[in-house]
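Notes for the one structure printed next.
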Amino acid sequence: MMVRSLYLLALALWFGSVAFFSFGVAPSIFGQLPRADAGRAIATIFPTYYAFGYAAGAVVLLAGRSVWSHPAERAWRRLHTDLAGAALL
């Protein structure tokens with residue numbers, strides 16, 4: 001149960017951060033600052049943003065292996081872990 005909660009939390013944080021940054025932070029920064037300044041601000045955020053994404057994606061990938069171990073759910077596990085692995089590339 002704990003691993004499933006960790007899996008769902010990491011998945012929600014990972015996709016939530018992508019959506020928040022893509023549709024909230026970046027458009028706001030580019031809307032308020034000149035293009036060059038906005039680019040520098042976004043470039044400053046990127047290392048932390050990507051590190052968080054890699055960490056959350058790794059948790060999803062590893063926890064997903066054990067969460068989706070039931071034989072009836074193997075196809076879903078395979079799909080989820082393949083998508084998480086592809087997203088980490």
Side-chain angles (χ1 to χ4, degrees):
M1 186 68 169
M2 179 71 168
V3 176
R4 184 177 178 85
S5 296
L6 181 64
Y7 168 79
L8 292 174
L9 177 64
L11 186 65
L13 288 172
W14 188 18
F15 286 114
S17 69
V18 169
F20 179 69
F21 185 79
S22 299
F23 300 112
V25 174
S28 295
I29 289 176
F30 276 96
Q32 297 297 317
L33 297 174
R35 188 177 182 102
D37 292 339
R40 282 192 293 276
I42 295 294
T44 303
I45 295 169
F46 270 158
T48 304
Y49 171 74
Y50 284 125
F52 178 79
Y54 284 135
V59 170
V60 168
L61 189 62
L62 295 173
R65 284 292 201 195
S66 63
V67 167
W68 301 105
S69 62
H70 189 275
E73 298 174 335
R74 283 204 177 123
W76 282 109
R77 179 188 70 178
R78 176 89 175 148
L79 176 64
H80 284 199
T81 54
D82 286 351
L83 289 174
L88 287 173
L89 295 176

Next on the checklist: Run the ring pair (Phe, Tyr, Trp, His ring centres under 6.0 Å) test against Tyr50 and tell me which residues pass, sequence neighbours left out.
Outcome noted: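 Here the qualifying residues are Phe46.
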
Checklist entry - Pick from Val59, Val60, Leu61: which one makes a side-chain contact (heavy atoms from CB on, under 4.5 Å) with Tyr7? => result Val60

Item to check | Cluster overlap Tyr49 with Leu11, hydrophobic side-chain contacts below 4.5 Å | outcome: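 Same cluster.
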
List the atom pairs, with distances to 0.1 Å, where a side-chain N or O of residues 15-26 and a protein N or O form a donor-acceptor pair under 3.5 Å, not counting sequence neighbours.
{"residue": "Ser17", "atom": "OG", "partner": "Leu13", "partner atom": "O", "Å": "3.1"}
{"residue": "Ser17", "atom": "OG", "partner": "Trp14", "partner atom": "O", "Å": "2.8"}
{"residue": "Ser22", "atom": "OG", "partner": "Val18", "partner atom": "O", "Å": "2.8"}

Identify every side-chain donor-acceptor pair in residues 35-42 under 3.5 Å, counting partners at least two apart or on other chains, and give the distances.
{"residue": "Asp37", "atom": "OD1", "partner": "Arg40", "partner atom": "NH2", "Å": "2.2"}

Item to check | salt bridge (charged side-chain N to carboxylate O under 4.0 Å, His left out) pairs, two or more places apart, involving residues 48-60 | outcome: none

Item to check | salt bridge (charged side-chain N to carboxylate O under 4.0 Å, His left out) contacts touching residues 12-34 (sequence neighbours left out) | outcome: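 Pairs touching residues 12-34 that pass the test: none.
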
